[in-house]
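Right, one structure below, let's go through it.
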Amino acid sequence: MTDFAALATDIAREAGDMLLVKRPSNPEVVQTKSSPTDVVTALDRASEELIRARIRQARPDDMILGEEGGDTPGSSGVRWVVDPIDGTVNFLYGLPEWAVSIAVEVDGRIVAGAVNVAPRGELFSASLGGGAVLHKDGLAQERLRCNSGVPLARALVATGFGYDAARRRVQGQIVAAVLPAVRDIRRGGSCAIDLCSVAAGRVDAYYERGINYWDHAAAGLIATEAGARVGGLHGRPAGGELTICAAQGLFEELHDLLVPLDPERDA
Ligand code: IPD
Ligand code: CA
């Protein structure tokens, strides 16, 4: 059987290396998507093309879902979920918080994931039931464990905001109510890195509305394998409605803070 985590890791490493080498000092926006600030660069596309080519070479019958290229059908029951650059706005501005994210789903369940934070020389990976690790500069492997026993009032909480102005207005109201209840807020600009940061104990929790499957597929497994709970409101799965991630006790506290704020509303 294919070692999916190893293959995802190799491909994410190659794509991240390519992006580091090829990133021009001022990347050009080639397309906008859901809003004028939701951008695509030529290298988002080049990264996805490279990843798709490598997957096809190794596993020609697999399905692929990619942020830029959409759905490619396949017959094997295996689907790759690809975000060629998560944190595209950071990539555009030359900030080091962007990552290549690749997840592998078998019969609808994520079984492996790799998130390559190439500018930092950090690659996070996990396999279902096998734990989560951080490879630094391609060398040492550190087993990841999220922080536990942190009360909400002392929690460092990462979050993010969508590209749509109306949604951001609501997200601003929600974060204004969360801020006085926690240690502080972080907005790094990459959902995948935020979830890996929970896994590594660099933040205590994360929540966000409006993320896409490719943003959280790989990093959600990494966080889960590091001991965190990843889910939505009222026992629902993580997804675009709302995703919360933290160790169990903090997950519950943050969940209960968010519920009366109605974070899934659109206005
Ligand atoms: C975005 C990032 C960001 C999150 C947005 C995502 P992109 O993905 O993950 O942190 O707040 O919701 O859309 O556009 O950089 O691939
Ligand atoms: Ca993304």
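Computation of the quantities below employed the complete heavy-atom set of this structure, encompassing side-chain atoms and omitting hydrogens, waters and symmetry-equivalent molecules. Indexing begins at 1, ligand by ligand and atom by atom, following the structure's order.
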- Query: By atom name, which N, O or S atom belonging to Asp86 lies closest to the Ca ion (ligand 2)?
  - Reply: OD1
- Query: Is Ser190 touching ligand 1 with its side chain, its backbone, both, or neither, if touching means heavy atoms under 4.0 Å apart?
  - Reply: backbone
- Strictly by modelled atom types, are Thr41 and Asp44 linked by a side-chain donor-acceptor pair under 3.5 Å? yes
- Message: Using a strict threshold of under 4.0 Å (side-chain N to carboxylate O), is an ion pair present between Lys33 and Glu68?
- Response: yes
- Under a 4.5 Å side-chain heavy-atom rule over Ile, Leu, Val, Met, Phe, Trp and Tyr, are Leu156 and Leu257 clustered together? no
- Task: Check Trp98 against ligand 1 and report side chain, backbone, both or neither, counting heavy atoms closer than 4.0 Å.
- Result: neither
- Show which atoms of ligand 1 fall inside a sub-4.0 Å distance from at least one heavy-atom site of Gly189. 2 (C), 3 (C), 10 (O)
- Note on the structure: Closest to atom 13 (O) of ligand 1 by heavy-atom distance, out of Trp214, Tyr163, Tyr206, Phe161, is Tyr163
- Message: Please name the atom of Asp215, limited to N, O or S, that comes nearest to the Ca ion (ligand 2).
- Response: OD1
- Using only N, O or S atoms, tell me which atom of Asp83 is closest to the Ca ion (ligand 2). OD2
- Measure up the Phe251 and His255 rings against each other and bin them: parallel (under 30°), tilted (30 to 60°), perpendicular (over 60°). parallel
- Message: Under a plain distance cut-off of 3.5 Å, with no hydrogens placed, do Thr159 and Arg187 share a side-chain donor-acceptor pair?
- Response: no
- Item | Proximity to ligand 1 by part of Arg209, non-hydrogen separation under 4.0 Å | neither
- Query: Applying a 4.0 Å heavy-atom criterion (strictly less than), which segment of Ile85 is in contact with ligand 1: side chain, backbone, both, or neither?
  - Reply: backbone
- Query: Has Phe91 got any heavy atom lying under 4.0 angstrom from an atom of ligand 1?
  - Reply: no
- Under 3.5 Å: N/O of Gly162 near N/O of ligand 1: no
- Query: Would you say Pro84 and Arg45 make side-chain contact, with heavy atoms under 4.5 Å?
  - Reply: no
- Apply the side chain to side chain contact (heavy atoms under 4.5 Å, CB included) test between Val82 and each candidate in Ile55, Leu65, Ile11; give the one that qualifies. Ile55
- Do Arg13 and Leu123 come close enough that some side-chain heavy atom pair is under 4.5 Å? yes
- Looking at Glu208, which atoms of ligand 1 are within less than 4.0 Å of one of its heavy atoms? 4 (C), 5 (C), 11 (O), 12 (O)
- What do you reckon, does Cys191 have a nitrogen or oxygen under 3.5 Å from a nitrogen or oxygen of ligand 1? yes
- Query: Any nitrogen or oxygen of Ala192, main chain or side chain, under 3.5 Å from a nitrogen or oxygen of ligand 1?
  - Reply: no
- Query: Taking side chain as C-beta onward, heavy atoms only, is Glu97 less than 4.5 Å from Arg120?
  - Reply: yes
- Message: Does this structure show an ion pair linking Glu264 with Arg209, if we count only N-O contacts that are shorter than 4.0 Å?
- Response: no
- By number and element, which atoms of ligand 1 are closer than 4.0 Å to a non-hydrogen atom of Gly160? 11 (O)
- Query: Quick one: does ligand 1 sit under 4.0 Å from the side chain of Thr88, the backbone, both or neither, non-hydrogen atoms only?
  - Reply: both
- Task: Would you check whether Arg187 has a nitrogen or oxygen atom less than 3.5 angstrom from a nitrogen or oxygen atom of ligand 1?
- Result: yes
